[in-house]
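See structure below.
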Amino acid sequence: MLWNNDRPLDSTLDIEEYTTFITNSIIEATQEDIPRTKQTAREYIPSEVSKSLIKQKHQAYQRWKKTGADIDKRQYYNSKILLSNSLRNDKRNNFSKLMSSLCHKKMYSDKVWLTVRKFHNKRIKQMYANVMNYNNKTASSDKEKADLFADYFENEVYSQTADTLPFHDQVTDQASNIRNRRTASLNTAKWKLIKVEEVKYHIKQLRNSSTGPDNIHNRCLKNYSKLLIQHITKLYNAILKLGYIPAMWKKANIILLLKPKKDKKHPSSYRPISLLSCIGKLLEKIIKQRLMLQLKRRNILPQHQAGFRPGKSTIYNIIRLERYADGQLKRPGLRRHSAVILFDIKAAFGSVWHDGLIYKLNDLRLPRYIISYLISFLNDRTAAIELENILSRPFNLKSGTPQGSPLSPLLYIMYTADSMNGIPTHTEHGLFADDTALWTSGHTLTSLKSRLQQSINEFESWCKSWKLKLQPTKTELIHFSLHPRKKYKNPVIVKVENTTIKPLDSTRYLGVIIDKRLKWRTHLDHIEAKIAPRIGLLRYLSIAAQEPNNKTMINIYKSIVRTVIIYGYPILLTADQKIWDRLQIMQNKALRAAFGLPIYTSVKYIHNISNISKIKGYAIGLLKRAIQKASTDNDSTLRNRLQGILNKI
DNA sequence: GACAAATGGAC
RNA sequence: UUUGUCCAUUUGUC
């Protein structure tokens, strides 16, 4: 296929044609180079011996069928037995081959992880209910189910909500003004052109991931030719110039993953994941980087939004909440009451209001070409549910940002950047994407209650303005208190959307379980439950492999167990020694399992052969490194908090 | 100290 | 059919 390089790209039609040209060229090239043999994921591959036995069996069967003779029948059954023996043998060989990957002196990462993954079974095969019901409709075939999911997502998740406030009409008007202004001043906007080097840099960063509707894999892009990059760069610049994204990049195939511990009969129990074109995603990455530069330079994002931002993590907000509550509980002299409320926003990403987002982007005075691009990005998106390789009818996404796009997380935090502007200063907040927490304190229960309620009301009205829906039933409240069972005459009770929220003993916030006494016992229970099957796996592997390499087993331990134990370590460091004793016991258990040692093996011996340090010492090491990193990053608030924890130990 | 890969976690 | 952003860790290679 050829393209005349002198041909200008001046209309949307040109862009569509050029995109098709590039897509087809890539597909053609890959089909030439990589023969499309479909690799079936078999449990094991039969050996040559088995293959010939299969042939023999088949022949014997044909002969018996033809002649009907007794001797042929016997021969057929004989070959059948021989084959099954051979297959069993193959299976055993394959198993020991798999296990031998754990025994090599040198660790071959990919082989080891193949083995571990096989038994770790984290990825459960998707199972859909036989019959699904929604909106008085029943679906039993795959196509019907896919369409039913399409109905659900079109009507309940990515649907437009009615304008109920005068404010909404105002925003809608403004947004349509912005749209019109854009088409009026198309070719005049100036910006920094995308360079070949920029595209190359982002291609290099690409990880292998699943393909979108156009079936082009990231691997294809990574094996780029100079010519391909030039074409892609030219196309990207044309897209930014016209503010028009080709239609095929706005089509998503949505796959569904069952959320853990949810009923598979109901469509709301599934998390939708959009698979998008990799070439389109590449451009989105470039825009994302440019957008972030703007946001950072102009300090647009709120300080306490820790989600999706470089250099920030969950632990930052966890520490802030923990230090605050602890400070109020152990305040010398006058103790104060404190409480935290954790909100849940319904379908947060899916509910982003397009007009509202455009209004805000314009308000921020972002570069015109980026706004143009984003308007096109949001407009006229379609999706189809993919289920067992069957596509549903396509439907429109009238609201929300598509999960699966590199831009979506950023757009969401931009959309919610002003959510805390109206909150009174006596209340602190922590944000992580849509996970919103508000906390405050007071000398008396009444003052605490009224302060908290005041802030809740502010947040509630903000949500209402921007068409986000709070779920009062999933909203949780913790009233911090040292007494395990003390009953207050007037417990702290607040209202969210006219629903009463009562305080709980413990709740989960950003992956750690916070209890009202800040003792972390429930959190430890949670960790223990999580690593128990993993310890079982370590034991199984060490027995099955017979003489596994110690270093390999330690690496597996570090990866699948220690990472779980160590998550959220800074807050645990402020807790009692008891917590660390318990964690140490977990580590010892896991190491015994990894080495296949009996339960009574002494801790000293384990320590000697594994050369793994005590878990608390390791955590302190991590903390020191984190402090150093925070000071080189000039993040003085985080640094001081971490230093405070270190001083306390 | 650069690059790559893997694992774990949050949403 | 396991997306996206971010964080942490580990292991390799040079």
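Per chain, numbering begins at 1; letters A, B, ... match sequence-line order. Computed from a predicted structure; not experimentally measured.
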Legend entry - With Pro472(A) via side-chain contact (heavy atoms from CB on, under 4.5 Å) - residues at least two apart: Val496(A), Glu497(A), Thr499(A)
Legend entry - Carboxylate-amine/guanidinium contact Asp525(A) Lys530(A), below 4.0 Å: no
Inset, instruction - Give me the residues of residues 636-645 of chain A where at least one heavy atom lies under 4.0 Å from an atom of DNA chain B, by number, or none. - result: none
Legend entry - Each stem that RNA chain C is part of, given as range with range (3 or more consecutive Watson-Crick or G-U pairs, under 3.5 Å): B:1-11 with C:4-14
Inset, instruction - Compute whether any side-chain donor of one residue and acceptor of the other, for His304(A) and Arg320(A), lie under 3.5 angstrom apart. - result: yes
Legend entry - Separation of rU2(C) P from Arg117(A) CZ (nearest whole Å): 12 Å
Legend entry - Any residue of residues 549-567 of chain A with a heavy atom less than 4.0 Å from an atom of DNA chain B: Ser559(A), Ile560(A), Thr563(A), Val564(A), Tyr567(A)
Legend entry - Within 45° cone of Trp466(A) ring axis and under 6.0 Å: Lys360(A) NZ or CZ: yes
Legend entry - Test item: side-chain donor near acceptor, Arg562(A) and Tyr618(A), under 3.5 Å: yes
Legend entry - Nearest-angstrom distance from the residue atom NZ of Lys259(A) to C1' of rU2(C): 15 Å
Inset, instruction - Look at all strands and tell whether Gly307(A) reaches a base, only sugar-phosphate, or nothing, counting heavy atoms closer than 4.0 Å. - result: nothing
Inset, instruction - Please list, chain by chain and in numerical order, all residues satisfying salt bridge (charged side-chain N to carboxylate O under 4.0 Å, His left out) with Arg290(A), sequence neighbours excluded. - result: Glu198(A)
Inset, instruction - Whole angstrom is fine here: how far is it from NZ in Lys281(A) over to C1' in rU3(C)? - result: 6 Å
Legend entry - Integer-rounded Å distance: dC11(B) P and Arg508(A) CZ: 6 Å
Identify each donor-acceptor pair in which a side-chain atom of residues 253-265 of chain A lies under 3.5 Å from a protein atom, sequence neighbours left out, and give them as a table.
unit_1    : atom_1 : unit_2    : atom_2 : d
Asn253(A) : ND2    : Glu386(A) : OE1    : 3.3
Lys259(A) : NZ     : Ser268(A) : O      : 3.4
Asp263(A) : OD1    : Lys265(A) : N      : 3.1

